[in-house]
Amino acid sequence: MDNKFYITTPIYYVNARPHIGHAYTTIVCDMMARRERMLGKDVFFLTGTDEHGVHVERAAQAAGKPAQQWADEVSSSFRRLWDVLGLSYNKFIRTTDAEHKRGVQEMFRRLRDNGYIYKGKYTGQYCVFDELYVDSAGPGAPCPECGRPTETVSEENYFFKLSAFEEKLLKLYRDQPDFIRPETRRNEVASFVRSGLRDLSVTRSTFRWGVPVPDDPGHVIYVWLDALSNYCTAIGFGSPDPADQQRFQRYWPADVHMIGKEIVRFHCVYWPAFLMAAGLELPKTIVAHGWLLFEHDKMSKSRGNVVRAETIVEAMSRDALRYFLLREIVFGQDGSFSFDALVQRYNADLANDLGNLASRTLTMITRYFGGQVPYPSPTEARKPADDEIAEIARRTISEFNAKFEKFQFSHALETAWSLVSAVNKYLVENEPWTLGEKQDDVSRARLGTILYTSAEALRVVTALAHPVIPESSARIWAQLGLGEIVNFKLAELKWGQLPLGTKIGKVEPVFPRADKSVVEKMQAMEQERRTPTVETEKKAGAAAQPAGRAVEVKPAPAPAASAAGAPATTPAAKAGAGPPEGKISIDDFAKVELRVGQVKLAEKVQGADKLLRLEVDLGSETRQVVAGIAEAYAPELLIGRKVVIVANLAPRKLRGLVSDGMIVAASVGEQGKPVLAGFLEDVPVGAKLK
RNA sequence: GGCGGUGUAGCUCAGGUGGUUAGAGCGACGGUCUCAUAAUCCGUAGGUCGAAGGUUCGAGUCCUUCCGCCGCCA
């Protein structure tokens with residue numbers, strides 16, 4: 001078997017700045033890359049940025065910058081973050097790189113030469129915002145992605161014969177069950193393909209910011225074909241240079257494409273179809289992880305927090321963040337992040353368990369044996385407890401590796417920590433400190449055995465955990481007197497390799513305990529860094545969707561950005577010279593347009609217990625508003641009622657319905673029962689509140 | 001609406017092919033030790049395993065229906 005390992009992150013779309021969700025994806029890959037390197041593989045770890053498309057063009061425009069300059073700036077902010085996090089990527093690709101563009105054109109040519117591209121005419125609905133053709137929809141129908149009205153267009157495009165791959169893809173999913181992980185994603189993809197594939201439009205002529213189609217520069221290549229090709233172009237595909245070609249031969253196909261669950265379809269349907277059409281090998285496996293959600297901060301008013309990785313690194317450490325993400329979140333599922341959970345996990349596992357084990361073990365070796373790893377007694381001073389630890393360690397190594405192979409990172413770490421617990425218990429039960437007071441030979445031999453056992457177990461855990469906590473594990477390793485951990489061959493790890501008589505290094509705490517003030521510090525840092533520009537999330541500011549452009553439909557961080565997310569979660573705008581902490585200025589309030597409206601129609605939303613669809617007359621116009629008040633108000637009782645509407649809230653889609661505005665209500669009691677705002681005197685429809 | 005998944009202690013999760021009193025970690029509470037980062041270690045927490053039926057000598061573990069949540073698709 002060949003000895004290479006090629007792993008990729010998605011390339012991140014540069015219409016928004018990086019946040020902890022992007023960091024999560026990339027950290028997982030970094031950890032896997034480090035582990036494979038430790039196992040002796042020739043690793044190529046790729047990440048980068050996706051920089052074409054109308055969103056970028058638009059974001060740059062809003063910022064008053066040329067598209068390339070905008071892309072340069074955002075791309076470098078990603079790169080900076082990866083460097084702050086100490087990630088070990090081998091290459092950072094940008095889709096605006098000349099080599100990449102050349103490679104994409106080569107990919108297009110191959111598809112065309114192999115007969116999978118044809119020119120056709122599309123007439124139908126198109127969402128300009130998402131660059132998306134909406135099939136089987138009438139004029140003006142809402143975009144399924146963003147809810148904005150679609151436009152009717154008729155244009156000539158190049159199409160890819162995706163329909164020709166239906167059977168081949170289904171066969172692929174059958175024959176290679178690990179092609180898509182986890183299984184639930186594979187089921188989704190298979191059922192999608194089974195329902196029939198349409199040919200895919202793979203060029204656009206409505207904007208310029210992209211890779212031109214070879215021999216037909218009036219068209220640019222659709223962003224997905226452009227973006228996905230990065231996995232090949234980054235390692236030399238499409239280059240005339242023999243060295244590049246050799247590199248491509250060496251590393252392709254990818255061993256792992258790591259992606260977020262929102263871009264599964266593109267990677268598991270389109271990408272393999274493109275590759276088959278181009279006559280290239282398919283990646284070994286595509287792994288979709290879940291999203292990182294942010295818990296509401298219970299100590300203050302509920303509000304959505306977008307946490308930045310830099311804050312955690314600065315207030316705690318890189319390893320604290322890495323450990324948390326990999327241990328706390330069950331890989332593949334959505335996970336929730338909170339500062340409290342982070343600190344708690346750090347203290348419990350890293351400071352109290354592992355850190356303290358290192359500290360107590362190494363201190364005793366220093367004190368009782370002058371800093372030299374003692375000899376374990378072969379016979380007389382040996383007890384069953386010592387062999388039990390050795391046995392647990394052996395089991396831990398194999399279980400840890402098995403879980404890792406199955407991408408069960410959190411469970412693997414749990415397994416490793418069970419060894420830490422066992423050793424802490426072993427120390428209490430065997431009381432080496434009591435033996436340390438005695439000078440007789442038997443006591444000395446017993447003491448040596450105990451401390452050797454403890455130190456050796458510490459070594460095993462440290463080696464296993466190194467990919468996850470590279471810096472602190474390196475320090476423990478050095479304190480054990482073992483030199484550079486990166487030189488260690490993980491494949492050879494087994495019990496009993498700690499050299500006897502090793503002179504241990506200077507002992508110092510690796511994981512200083514974090515107290516509550518660290519949480520406050522991080523919260524304050526986030527508060528401070530939060531700019532007046534509110535970058536909102538699609539899903540009520542709750543989900544950080546790390547990887548995909550498909551859902552990164554945020555507007556650029558433009559000056560006048562308004563909240564498009566959950567109305568209740570708008571963080572207080574804060575500027576250096578602004579109003580006092582927690583207050584807003586009259587100007588801020590003036591941004592909110594509140595108007596009196598009259599309910600003309602109210603009905604339950606199918607399939608949603610809490611939602612009502614309302615049509616509200618605002619005087620000048622009638623709006624559709626979807627409100628979560630069905631449990632408190634019967635629809636028929638609302639008709640004719642005058643309510644207060646937030647009139648300038650960006651439209652949002654709920655259960656497939658566009659909600660254009662928000663109804664104002666008090667939230668009462670623990671259940672947050674809504675009580676609609678109203679007036680004691682009669683007021684005209686359309687009146688503005690101020 | 002179709003398909004798929006899921007619902008186990010306060011929280012996060014384990015619980016192949018059904019079998020004694022349903023588990024772990026964290027948190028909480030009480031206690032202990034003192035080598036160690038006020039860490040470790042021990043004990044306690046009494047969860048109708050979403051609900052109701054069914055199959056079975058026996059079901060968290062299989063079947064049916066219902067409810068909740070989630071995903072994909074339409």
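Numbered from 1 within each chain, the chains take letters A, B, ... in sequence-line order.
- When the salt bridge (Lys or Arg N to Asp or Glu O under 4.0 Å) test is applied to Glu429(A), no partner is found at least two apart in sequence or on another chain.
- Distance noted for atom P between C13(B) and G18(B): 27 Å (whole Å).
- Taking the P atoms as reference points, C41(B) lies 24 Å from U12(B), given to the whole Å.
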* Dot-bracket for RNA chain B, 5' to 3', counting Watson-Crick or G-U wobble pairs under 3.5 Å, with [ ] for crossing pairs and | for inter-strand pairs? -> (((((((..((((.....[...)))).((((.........)))).....(((((..]....)))))))))))).
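- With P as the reference atom, U20(B) and G27(B) are 31 Å apart, rounded to whole Å.
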* Asked: How does each nucleotide of nucleotides 22-36 of chain B score, in 5' to 3' order, for protein heavy atoms under 4.0 Å: base (B), sugar-phosphate only (S), or none (-)?
  -> ----SS------SBB
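- In this structure, the ring pair (Phe, Tyr, Trp, His ring centres under 6.0 Å) partners of Phe274(A), at least two apart in sequence or on a different chain, are Phe160(A).
- Every residue two or more places apart in sequence or in another chain that forms a ring pair (Phe, Tyr, Trp, His ring centres under 6.0 Å) with Phe159(A) is listed here: Tyr118(A).
- In this structure, Val330(A) and Val420(A) both approach RNA chain B, and ranking their closest nucleotides by distance from the 5' end singles out Val330(A).
- Using a 4.0 Å heavy-atom cutoff across all strands shown, Gln333(A) reaches sugar-phosphate atoms only and no base atom.
- For the P atom pair drawn from G23(B) and A38(B), the interatomic distance equals 34 Å after rounding to whole Å.
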Would you tabulate the side-chain donor-acceptor contacts of residues 348-359 of chain A under 3.5 Å, counting partners in other chains and residues two or more places apart, or write 'none'?
{"unit_1": "Asp349(A)", "atom_1": "OD2", "unit_2": "Tyr323(A)", "atom_2": "OH", "d": "2.6"}
{"unit_1": "Asp349(A)", "atom_1": "OD2", "unit_2": "Arg345(A)", "atom_2": "NH1", "d": "3.1"}
{"unit_1": "Asn352(A)", "atom_1": "OD1", "unit_2": "Arg513(A)", "atom_2": "NH1", "d": "2.8"}
{"unit_1": "Asn352(A)", "atom_1": "ND2", "unit_2": "Asn347(A)", "atom_2": "O", "d": "3.4"}

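- Across all strands, Val264(A) comes closer than 4.0 Å to no nucleic acid atom at all (heavy-atom distances).
- U6(B) and C63(B) have their P atoms separated by 12 Å, with the value rounded to a whole Å.
- Across all strands, Arg185(A) comes closer than 4.0 Å only to sugar-phosphate atoms, never to a base (heavy-atom distances).
- Nucleotides G58(B) and G31(B), compared at atom P, are 47 Å apart to the nearest Å.
- Comparing G53(B) with C67(B), their C1' atoms are spaced 15 Å from each other, to the whole Å.
- Under the ring pair (Phe, Tyr, Trp, His ring centres under 6.0 Å) criterion, Phe369(A) pairs with no residue, sequence neighbours left out.
- Comparing Glu328(A) and Lys261(A) against RNA chain B, the residue whose closest nucleotide sits nearer the 5' end is Glu328(A).
- One finds no side-chain N or O of Arg194(A) lying less than 4.0 angstrom from the OP1 or OP2 phosphate oxygen of C3(B).
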Would you list the atom pairs, donor with acceptor, under 3.5 Å between side chains in residues 472-482 of chain A and any protein atom, with sequence neighbours excluded?
{"unit_1": "Ser472(A)", "atom_1": "OG", "unit_2": "Asp319(A)", "atom_2": "OD2", "d": "2.5"}
{"unit_1": "Ser473(A)", "atom_1": "OG", "unit_2": "Ile469(A)", "atom_2": "O", "d": "2.7"}
{"unit_1": "Ser473(A)", "atom_1": "OG", "unit_2": "Pro470(A)", "atom_2": "O", "d": "3.1"}
{"unit_1": "Arg475(A)", "atom_1": "NH2", "unit_2": "Pro509(A)", "atom_2": "O", "d": "3.3"}
{"unit_1": "Trp477(A)", "atom_1": "NE1", "unit_2": "Leu482(A)", "atom_2": "O", "d": "3.4"}
{"unit_1": "Gln479(A)", "atom_1": "OE1", "unit_2": "Glu508(A)", "atom_2": "N", "d": "3.4"}
{"unit_1": "Gln479(A)", "atom_1": "NE2", "unit_2": "Glu508(A)", "atom_2": "O", "d": "2.9"}

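- Residues satisfying the side chain to side chain donor-acceptor pair (under 3.5 Å) test with Lys403(A), not counting sequence neighbours, are Thr415(A).
- From Ile27(A), atom CD1 reaches atom CD1 of Ile20(A) across 7.5 Å, with rounding to the nearest 0.5 Å.
- How far CZ of Arg327(A) is from CD of Glu414(A): 4.5 Å, rounded to the nearest 0.5 Å.
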